[in-house]
Amino acid sequence: MKKGLIVAAVAAAAVGLTLSGCSSSSGGDSGSGAGTHALTIGMPNGSQTNNSNPFLNTSAARSLGYAFAIYEPLAEVNDTRPAQKPTPWLAKSWKWNADYTQLTITARSGVKWSDGKPFTAKDIAYSLQLRKDNSALNTEGLPYGDITTSGDTVTVDFTTGQYVNQIKVLQLFIVPEHIWKNISDPTKDANKNPVGTGPYVLKSWTTQAVTLDANSNYWGGKVAAPELRYTSYSGNDALTTALATGASQWGWTFIADYQNVYIDKDKAHNQAFYPAGLGIDYLALNTQKAPFNDVAVRQALNTVVDRAKESKVAESGVFPELKNVTGIPTPAGDSFIADDYKSQNYKVDVTAAKKILTDAGYKYSGSTLIGKDGKPVTFTLTDPAGWNDYDSGLTLIAASAKSIGIDAKVDTPTADTWTDALNTGDFQAALHWTNGGVTPWEMYSDMFDPGYYVPLGKTAVWNYGRYQNDDAKALFKQYTDATDDAGRAKALDALQKIYVEQVPTIAMDARPAGAEFSSKYYTGWPSESNAYANPQPTAPNVALILTKLKAVG
């Protein structure tokens, strides 16, 4: 695999997060023994609308995670342990050619859609073609070429080498051709009667709860939980209470004092698992709008944000501090950091930041920074109401901006409003996250790959700040086209230089994947001793977790 495949051990504090975690059988085995209790699942994303389109990150299906209990991927990928081999799922097997420009997929036999129709290789080909034909659905940004079928195999060509995107391809969920070919606009359809191959089927949708029943004809065997009930809470605090009291048995929310607030409420059953890797939290900066269309402002703010305080105060030490100026998490990414930056760490320096600004033509009127247009420099920081850690982080960033004379306001809209604004570029600055991946290429690509660029008003899937740089675009392609570690390292070193000098985004803290869950009714959750999956209920590997759960007693 790739150079320096390192998966970080979770920070010392996180070692204690996995309490009484139960291991389970190897990939693909279904949980034994039927349970009698519904598995309740919560997310802190506020009010939802009745939309089960798995392609749309704004849909309830994606926001709450039930999309991946209904729709399944080609393979189950553990993105928290990227060195692990993916588990074959709807793809029985797959093979890449030497330069990773062609993938041959063999479809699993004996699988049926929840409406009884057979699943075939043509469904795989159709699902990929759908993404190719609708750029808004191609959220992975994959450069599809020809897509053909022959019997139970699908051959997919790509216009460039996809060595670095193998996980992205294998995580793609598949939809039934016989349903979706009749949908006039798959980018907008609410898909209120979803048909999938997964272990659960949609039973009912209300604003109070979304209920799924076990799929009695599931190809993977009988699952333990007979019913899933999803609830969207108003924010972190509300979901924390639900998790602590057992009203919600699986969820992901930031809990500042997790030991006292959550674990200690039911020491026998309440568990948490936060595996870390190469993903980070970052401040997305809209480089198409003032003031962040000026690199000097981006550099100055980057120089004064306090990452130690961000980790300790906003994230209560659960999310590790980022120290290296490249934004690459350490120790997970030590082997990837360019020699020029190995000994360079972030430090807060107000004097240096002010000099960057005055050298660029900005002036001060007392303590207020005045822009080149003669007006005070201001901007708005935005993240959803109820996301306590991010909201606290925005307050800290605003205080840092104040230290260099910039008045930064904090806005906390609903999650839906925020997501839509981010997607269309209607924002100035917002905390967001990256995927992890097996190298820092993934986190960099998510943050500032010009290959993801779309104009303001169009829907972005990454590079929310609309960063454009021809050199960066060429380097991201150079990385994916490289045929050896030396070529990839050369491209990544150059990307680090662009990130440090041009500051397309501001890296804030390392971001472990995470989830809280209860073993009161079901065991078999991912744990430090059996880290078989990303534990979050919104991750693409949800079906794998649901098939590994076992009923207590």
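Just so it is clear, the model here is predicted, and its values are computed rather than measured. We number each residue from 1, following the sequence as shown.
For D426, the salt bridge (charged side-chain N to carboxylate O under 4.0 Å, His left out) partners two or more places apart in sequence, or in a different chain, are K289. Residues satisfying the side-chain hydrogen bond (donor to acceptor under 3.5 Å, both in side chains) criterion with D133, sequence neighbours excluded, are Q129. For K203, the side-chain contact (heavy atoms from CB on, under 4.5 Å) partners are T211, D213, E227, not counting sequence neighbours. Partners of D281 by salt bridge (charged side-chain N to carboxylate O under 4.0 Å, His left out), not counting sequence neighbours, listed by chain and number: R511. Contacts of K92 classified as side-chain hydrogen bond (donor to acceptor under 3.5 Å, both in side chains), with partners at least two apart in sequence or in another chain: none. When the ring-ring contact (aromatic ring centres under 6.0 Å, His included) test is applied to Y71, no partner is found at least two apart in sequence or on another chain. For A107, the side-chain contact (heavy atoms from CB on, under 4.5 Å) criterion is met by F119, A121, I124, not counting sequence neighbours. Applying the side-chain contact (heavy atoms from CB on, under 4.5 Å) test to T155 and every residue at least two apart in sequence or in another chain returns Q102, T104, T148, D157. For D416, the side-chain contact (heavy atoms from CB on, under 4.5 Å) partners two or more places apart in sequence, or in a different chain, are T414.
Side-chain contact between L56 and N51: present, with at least one pair of heavy atoms (C-beta onward) separated by less than 4.5 Å. Residues E140 and L172 meet the side-chain proximity criterion, which asks for heavy atoms closer than 4.5 Å. Looking at W94 and P88, their side chains come closer than 4.5 Å, going by heavy atoms from C-beta outward. E315 has its side chain out of reach of S392: every pair of non-hydrogen atoms, C-beta onward, lies at least 4.5 Å apart. V223 is not listed as a side-chain neighbour of L549, based on a closest heavy-atom distance of 4.5 Å or more. With a 4.5 Å cut-off on side-chain heavy atoms, T160 and T101 do not count as touching. Looking at heavy atoms from C-beta onward, T87 lies out of side-chain contact with N78 at the 4.5 angstrom threshold.
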Check the pair D79, N534 against side chain to side chain donor-acceptor pair (under 3.5 Å), reporting the backbone distance first and the verdict last. CA-CA 6 Å; D79 55 16; N534 181 329; 3.1 Å; yes
Applying side chain to side chain donor-acceptor pair (under 3.5 Å) to Q271 and S519, what does each step give before you reach the verdict? CA-CA 8 Å; Q271 304 172 37; S519 62; 3.1 Å; yes
Run the side chain to side chain contact (heavy atoms under 4.5 Å, CB included) test on V454 and R466 for me, step by step, so that the C-alpha distance in whole Å, both residues' side-chain angles and the decisive distance to 0.1 Å come before the verdict. CA-CA 7 Å; V454 294; R466 271 72 174 175; 3.7 Å; yes
Test side chain to side chain contact (heavy atoms under 4.5 Å, CB included) on V210 and R229 and set out the steps. CA-CA 6 Å; V210 181; R229 294 179 190 163; over 6 Å; no
Can S63 and N45 be said to form a side chain to side chain donor-acceptor pair (under 3.5 Å), step by step? CA-CA 7 Å; S63 178; N45 295 340; 2.9 Å; yes
Please report the C-alpha distance between Y282 and F448 in whole Å, then the side-chain angles of each, then the deciding distance to 0.1 Å, and finally whether the side chain to side chain contact (heavy atoms under 4.5 Å, CB included) criterion is met. CA-CA 11 Å; Y282 68 99; F448 72 103; over 6 Å; no
Chi angles and distances behind the side chain to side chain contact (heavy atoms under 4.5 Å, CB included) call for Y452, M447: CA-CA 9 Å; Y452 284 119; M447 289 192 290; over 6 Å; no
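Looking at N134, its side chain never comes within 3.5 Å of a backbone N or O of P186 through a donor-acceptor pair. With hydrogens and angles disregarded, a donor-acceptor distance shorter than 3.5 Å links the side chain of S527 to the backbone of N530. Remark: side-chain polar atoms of W250 are paired, donor with acceptor, to backbone N or O of P535 under 3.5 angstrom. Judged by distance alone, the side chain of Y464 and the main-chain N or O of A284 form no donor-acceptor pair under 3.5 Å. Between the side chain of N182 and the backbone N or O of H178 there is at least one donor-acceptor pair closer than 3.5 Å. The closest donor-acceptor contact from the side chain of D266 to the backbone of N270 lies at 3.5 Å or more, if one exists at all. With hydrogens and angles ignored, the 3.5 Å screen pairs a side-chain donor or acceptor of Q166 with a backbone N or O of Y163. With Y522 contributing its side chain and H37 its backbone, the two residues share a donor-acceptor pair below 3.5 Å. When atom types are taken as modelled, the side chain of S52 and the backbone of K192 share no donor-acceptor pair closer than 3.5 angstrom. Remark: side-chain polar atoms of D123 are paired, donor with acceptor, to backbone N or O of T120 under 3.5 angstrom.
Considering I41, L39, L64 in turn, I41 is the only one that fulfils the side-chain contact (heavy atoms from CB on, under 4.5 Å) rule with P537.
A donor-acceptor contact closer than 3.5 angstrom is absent between the side chains of N286 and Q428. Side-chain contact of T439 with Y479: a donor-acceptor pair under 3.5 Å is present, judged by distance alone. No hydrogens or angles considered: nothing links the side chains of N215 and S114 as a donor-acceptor pair under 3.5 Å.
Screening residues 43-66 for ring pair (Phe, Tyr, Trp, His ring centres under 6.0 Å) gives F55-F173, F55-W180, Y66-Y230 as the qualifying pairs, with residues at least two apart or on separate chains. Each side chain to side chain donor-acceptor pair (under 3.5 Å) pair with one or both residues in residues 234-249, not counting sequence neighbours, appears once here: T40-Q249, N236-T253, D237-N388. Evaluation of the ring pair (Phe, Tyr, Trp, His ring centres under 6.0 Å) test over residues 193-221, restricted to residues two or more places apart or in two chains, returns W89-W219.
For the atom pair CD of E516 and CZ of F254, the computed distance is 10.0 Å after rounding to the nearest 0.5 Å.
Taking the six-membered ring where the residue is Trp, the centroids of W252 and Y274 are separated by under 6.0 Å. Between Y444 and F476, the ring center distance fails the sub-6.0 Å criterion.
When every heavy atom of G42 is checked against every heavy atom of L239, the shortest pair comes out as O-CD2, 3.6 Å. Contact record, K265 with A244: CB-O, 3.6 Å, taken as the closest heavy-atom pair.
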